[in-house]
Engineer: 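What follows is a single structure, and I will ask about it in a moment.
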Amino acid sequence: STLSSARYGKDNVRVYKVQRNEDGTQDVTEMTVCTLLEGDIAASWTHSDNANIVATDTQKQTVYITAKQHPVNPPELFASILSQHYIDTYPRITAAHVDVIVHRWTRMEVEGKPHPHSFFRDGAETRVVGAVARRDKGIDVKSGIKGLLVLKSTGSQFWGFHRDEYTQLPETWDRILSTEVEAAWNWKTFTGLEEVQKEVAGFDQAWKDARRITMETFAKENSPSVQNTMYLMSDQILAKVPRVESVEYSLPNKHYFEIDLSWHKGLKNTGKDAEVYAPQSDPNGLIQCTVTRQ
Ligand SMILES: O=c1[nH]c(=O)c2nn[nH]c2[nH]1
């Protein structure tokens, strides 16, 4: 046998960092980090030789120390610093993958004012980042949104699709549309940390733009399909963020089925009379795309 590929590290490293500001307010960041290393490490798999293995526990400690000694925001900067650390520190490591999931702690409004040090978790939505530092090849950064659950009660259609003896789905010009947004945008490779540092303001702006574009397009478009709507979202993000080379969406179609209640005294609850629906846990549609610059 031959070892065709290998990477290893520590997953689910939970990190919280507080920033105590001059004005007495405090900011918090909570993330879950995964680091995976590649390089001249095959001997650990094939010859029980661990000489070049940076232990996963060492990687966990490195996450904590890096979070203490460097900014954790924007997550693209933190992930890039952490991944580049492995290339700079361990000659046998050739690639370091760092994935960061940032959880939401939204500042509370108390008596009409932002509270200096109290926050709440407004949803399972996360901001996600993947950074890969490769020796002598720069740093690739992928930013994204996960778990943003949205629904619209109308303004969604699906008709004109192929019909044959397997097709039961009726065409619709007015349906509920719900999805859990997974979106990502890939940045042009950074030559190194200096170039990442120059983009720091751009990372937060891009995340705000991508999140706004996603929700605005979802809300405003009378969607002819999930496919078309996600393409319009991607196109706008590419137009807004010149340094992004491609945009990816993966959108489950979380169905809400009409319930025919006509068996009960002729109760009308389908078509234009539909008001009570059955939300479906499964199965779900899944629509995916990658859109790149022309
Ligand atoms: O937006 C949609 N796209 C599809 O491909 C599909 N198939 N069934 N329902 C659907 N809705």
Side-chain angles (χ1 to χ4, degrees), residues 101 104 122-128 130 142-186 206-241 244-264 267-294:
I101 301 167
R104 288 174 70 84
D122 64 338
E125 175 194 348
T126 57
R127 176 173 173 181
V128 294
K142 171 185 250 180
S143 305
I145 297 164
K146 270 189 179 167
L148 173 57
L149 182 58
V150 294
L151 177 143
K152 65 190 309 186
S153 54
T154 186
S156 172
Q157 317 164 62
F158 189 61
W159 46 269
F161 49 90
H162 173 79
R163 302 196 74 84
D164 59 24
E165 67 273 30
Y166 296 96
T167 306
Q168 185 196 28
L169 184 73
E171 293 186 305
T172 176
W173 285 261
D174 178 1
R175 70 174 179 178
I176 294 164
L177 180 61
S178 178
T179 188
E180 192 172 300
V181 174
E182 184 173 337
W185 43 104
N186 296 290
W207 175 75
K208 285 173 189 158
D209 288 336
R211 192 169 185 271
R212 175 184 52 75
I213 287 166
T214 297
M215 289 210 262
E216 285 179 0
T217 308
F218 178 83
K220 289 163 59 180
E221 280 297 308
N222 186 4
S223 168
S225 64
V226 174
Q227 287 89 333
N228 180 256
T229 299
M230 72 198 325
Y231 180 78
L232 295 178
M233 293 170 178
S234 304
D235 189 49
Q236 292 172 76
I237 293 171
L238 283 173
K240 191 80 176 137
V241 194
V244 159
E245 293 186 318
S246 63
V247 177
E248 303 163 17
Y249 274 90
S250 177
L251 299 180
N253 194 346
K254 300 169 73 67
H255 304 295
Y256 285 66
F257 286 173
E258 290 186 359
I259 306 169
D260 185 340
L261 298 176
S262 57
W263 54 273
H264 180 80
L267 202 51
K268 292 184 175 175
N269 189 54
T270 57
K272 62 178 177 37
D273 298 310
E275 293 173 289
V276 175
Y277 294 76
Q280 301 296 301
S281 308
D282 54 49
N284 58 266
L286 180 59
I287 322 286
Q288 300 181 328
C289 75
T290 299
V291 179
T292 53
R293 285 188 189 289
Q294 209 111 39

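Note that the structure is predicted; figures quoted are calculated from it, not measured. Every number for a ligand or one of its atoms is a count from 1 in the order of the listing.
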Engineer: Okay, side chain of N269, backbone of E258: is any donor-acceptor separation there less than 3.5 Å?
Structural biologist: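 Looks like no, no N/O pair under 3.5 Å.
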Engineer: Which residue owns the protein heavy atom closest to atom 11 (N) of ligand 1, what's the atom, and how far is it?
Structural biologist: R175 NH1, 3.0 Å
Engineer: Among side-chain atoms of N186 and S246, is any donor-acceptor pair under 3.5 angstrom?
Structural biologist: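 Judged by distance alone, the side chains do pair up.
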Engineer: With heavy-atom distances below 4.0 Å as the criterion, list the atoms of ligand 1 near S225.
Structural biologist: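 So the atoms of ligand 1 that pass are 1 (O).
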Engineer: Considering heavy atoms of the protein only, find what lies nearest to atom 5 (O) of ligand 1 and give residue, atom and distance to 0.1 Å.
Structural biologist: Q227 NE2, 2.9 Å
Engineer: OG of S156 to CD of E221: how many Å apart, nearest 0.5 Å?
Structural biologist: 11.0 Å
Engineer: Could you pull out, from W159, F158, F161, the option with a heavy atom nearest to atom 6 (C) of ligand 1?
Structural biologist: F158
Engineer: When you measure from the side chain of K152 to the backbone N and O of F218, does any donor-acceptor pair fall under 3.5 Å?
Structural biologist: yes
Engineer: Purely on distance, is any nitrogen or oxygen of V226 under 3.5 Å from one on ligand 1?
Structural biologist: yes
Engineer: Does any N or O in the side chain of Q157 come within less than 3.5 Å of the main-chain N or O of N222, such that one atom is a donor and the other an acceptor?
Structural biologist: yes
